[in-house]
Structure formats: structure tokens, C-alpha cells
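Below you'll find the structure, written out as C-alpha cells, and then a few comments.
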Amino acid sequence: MINTFDATDVFEAHRGRMFGIAYRMLGSAAEAEDVVQDAWLRWNADDRGDVRHPGAWLAKTVTRLCLNQLDSARVRREEYVGPWLPEPVLTGDGTLGPLESAEQRDGVSMALLVLLEQLSPAERAVYVLREAFGYGHAEIAALLDQSEANCRQLYRRASQRVAAPRPRFRPDPEEWQGLVAGFMAAAQSGDLARLERLLAADVVYVSDGGGVVNAARRPILGPDRVARFLVGALRKYVAGVPVSLAEINGAPSLVFAGVAVVQFDFDFEEGRVTAVRTVVNPEKLAFLTRQLSRPGDLPAVH
């Protein structure tokens with residue numbers, strides 16, 4: 001039997017994995033923290049006498065809590081004002097676990113997390129557990145109390161539904177910084193012609209303000225419209241605000257940190273920007289703001 005002292009140590013040893021599962025399942029750092037806290041309350045209240053594999057018990061508890069949460073989250077998403085984007089999370093510090101490969105980084109990307117919203121709760125659970133954490137179908141079946149055959153079917157369906165083309169161009173950090181520096185120089189100077197040359201013909205801009213702050217309530221399409229909108233928004237809202245580079249959701253992103261935090265995320269294809277996503281809803285930036293308040297300077301963009 002696990003005593004109280006050991007139980008705390010065991011739980012803390014699995015906290016990172018639990019948060020990683022919950023965040024990928026929910027797309028919300030705040031909700032993921034709530035789920036982990038709820039799991040702790042259940043873990044602390046259980047006698048744990050028959051718990052032979054604490055990691056499996058905790059993973060199952062977190063997964064079940066997330067499945068319950070997703071049912072109500074779907075209603076909230078439908079009522080959300082404007083486009084919905086996941087809450088951004090700094091990942092260079094290992095908050096979402098090791099992201100050493102392109103596949104691991106892609107697994108927490110804004111683009112993929114948006115695609116996961118198309119899945120049913122069960123499909124999302126199977127996909128996350130299989131793709132992000134390498135669980136076998138038999139293990140997933142035990143976690144979800146479903147048959148292995150059904151889990152395989154759920155995984156196959158989920159994989160097909162999120163198989164939309166995603167960015168193939170992955171610049172190295174130095175190249176990425178050069179691309180961003182050129183993008184920012186053009187946008188901040190108001191050089192529309194130069195900025196448009198950096199944008200792909202099918203570029204899309206998506207902004208998540210949640211109805212809390214001013215933001216585009218529909219995606220903006222095309223280099224001309226995106227360029228004009230970005231120049232105007234940067235001049236109006238973040239002129240003179242320090243901007244830094246940070247690894248967010250597995251990819252380099254821009255962070256404007258002045259009175260409030262604003263986060264920009266990009267997709268590139270063949271050296272051109274194909275997508276710009278920005279989260280300006282302060283409620284969704286609370287976790288990132290806390291992360292940024294920790295000691296350590298982010299590299300500035302000049």
C-alpha cells in the first residue's frame with residue numbers, strides 16, 4: 001500500500017505526463033491544470049491499496065476527466081465569439097514533455113490542436129494517447145474501458161480526419177529568426193509591398209479575441225488583406241512594445257509583452273508565410289503570462 005508521503009511523490013512524478021495528456025485533450029492549459037488538480041483529489045482520497053501501477057491509474061483518471069470535460073467544452077466552443085485557438089504554452093522548458101523530433105513538435109502545434117477539435121472525445125483520447133505518448137492499443141483499451149478492436153477503429157478514424165496537409169517547411173532557428181525579422185521589419189515599417197511578397201497566395205490570418213478584446217471575428221484571406229490588417233493592427237495595438245522570440249507549442253513564435261501579452265504563431269511554406277495565428281484573449285494568455293514571468297530573458301527581435 002502506498003503511504004501518504006509516497007503517494008505525493010508518486011503523483012508529482014507523473015504530474016508532467018498528466019498535464020501533457022490533459023492539455024492535448026482539451027487545448028487549454030487552465031482546464032488541464034484543473035483536471036490534474038481533480039486527479040490529485042481523487043488520488044489522495046483513494047485508499048490506493050489495490051493500485052499496482054500508479055502511472056496507469058493516474059493516466060486513466062485524467063483521461064476520463066478530460067472525456068467528461070470535452071462534452072461540455074464542445075458546447076462552449078460553439079458559443080465562442082470568433083475563431084477558437086488553443087491556449088499557447090511555452091514548450092522550451094519541457095512543460096509539455098520532450099519535443100525532440102518534428103513529429104513530437106507537430107503533436108502540440110496550434111495547427112494540429114485546431115484539427116483535433118473535429119474529433120469526437122473518444123477519437124481524440126485514442127489519438128493523443130497513441131500519437132503523443134506511444135500507448136499500445138491494448139493499453140488504450142484498458143484506459144478507456146473499451147475493446148482493443150474498437151480503439152483501433154477509433155484511431156484509424158481519427159488519423160483520417162486529421163490528415164489534412166500541414167506545413168512541411170521547417171526552418172532551423174536561425175533561418176526562422178531571419179524570416180521573422182524580415183516579416184516584422186516590413187510589417188512595422190508599413191511596407192505593404194515587401195510584406196505581401198513574404199506572404200503566400202493562400203495565406204490566412206486567424207485571431208482569437210473571444211469577444212473579450214478587439215480582434216478579427218472571421219479569418220482574413222489573401223496577402224493583400226492580411227498585409228493591410230497586420231500593418232494596421234501592429235500600429236494601433238503594439239507600436240513600440242518589446243517583441244521577443246519564444247518556443248510556443250513546439251514552434252518559434254513572437255511574443256509582444258507590454259501592458260498585456262500578445263502571441264503570434266506562424267506557418268511557413270517555401271520561405272513564405274502561409275498562416276498567421278494570434279491569441280489576444282487575456283483569459284487564454286494567463287498561463288503563458290505566468291510562464292513568461294519566470295526568470296530568464298527571451299531573445300528580442302530586431
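Note that the coordinates shown come from a computational prediction; the quantities given were computed from them, not determined experimentally. Basis for what follows: all heavy atoms, side chains included, without hydrogens, waters or symmetry-related copies.
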ask   = Once the angle between the rings of F183 and F266 is folded into 0 to 90°, is it parallel (under 30°), tilted (30 to 60°) or perpendicular (over 60°)?
value = perpendicular
ask   = Are the side chain of R130 and the backbone of Y135 linked by a donor-acceptor contact shorter than 3.5 Å?
value = yes
ask   = Any sub-3.5 Å donor-acceptor pair from D208's side-chain atoms to W84's backbone N or O?
value = no
inquiry  = Are there over 12 heavy-atom neighbours, none belonging to R225, within less than 6.0 Å of that residue's CZ?
reply    = no
ask   = Quick one: are the ring centres of F19 and F287 less than 6.0 Å apart?
value = yes
ask   = Within 45° of the six-membered ring axis of Y80 and under 6.0 Å from that ring's centre, is NZ or CZ of K284 located there?
value = yes
ask   = Can you check whether L96's main-chain N or O pairs, donor with acceptor, with R24's side chain at less than 3.5 Å?
value = yes
task = Spell out, as yes or no, whether a donor-acceptor pair under 3.5 Å connects the side chain of E196 to the backbone of A193.
result = no
ask   = Counting distance only, does the side-chain N/O of T274 pair as donor-acceptor with the main-chain N or O of D267 below 3.5 Å?
value = yes
inquiry  = Using the rule given for salt bridge (Lys or Arg N to Asp or Glu O under 4.0 Å), can you reason through R76 versus E31, listing the C-alpha separation, both sets of side-chain angles and the distance that settles it, and then say yes or no?
reply    = CA-CA 13 Å; R76 293 197 302 275; E31 291 176 3; 2.8 Å; yes
request  = Salt-bridge test for D145 and R64: reply yes if a basic N is under 4.0 Å from a carboxylate O, no otherwise.
outcome  = no
message = Here's a test for you: under side chain to side chain donor-acceptor pair (under 3.5 Å), which of Q118, R157, Q160 qualifies with E123?
response = R157
query = Does T91 offer a backbone N or O that forms a donor-acceptor pair with the side chain of T95 under 3.5 Å?
reply = no
note = Here the pair of heavy atoms bringing A138 nearest to E148 is CB-OE1, 3.8 Å
inquiry  = Using a 3.5 Å distance criterion without hydrogens, assess whether the side chain of E87 forms a donor-acceptor pair with backbone atoms of A29.
reply    = yes
message = side chain to side chain contact (heavy atoms under 4.5 Å, CB included), that's the test. Do L285 and V279 meet it? Break it down for me.
response = CA-CA 7 Å; L285 292 165; V279 178; 3.9 Å; yes
N-O pairing of R105 and E100 below 4.0 Å = no
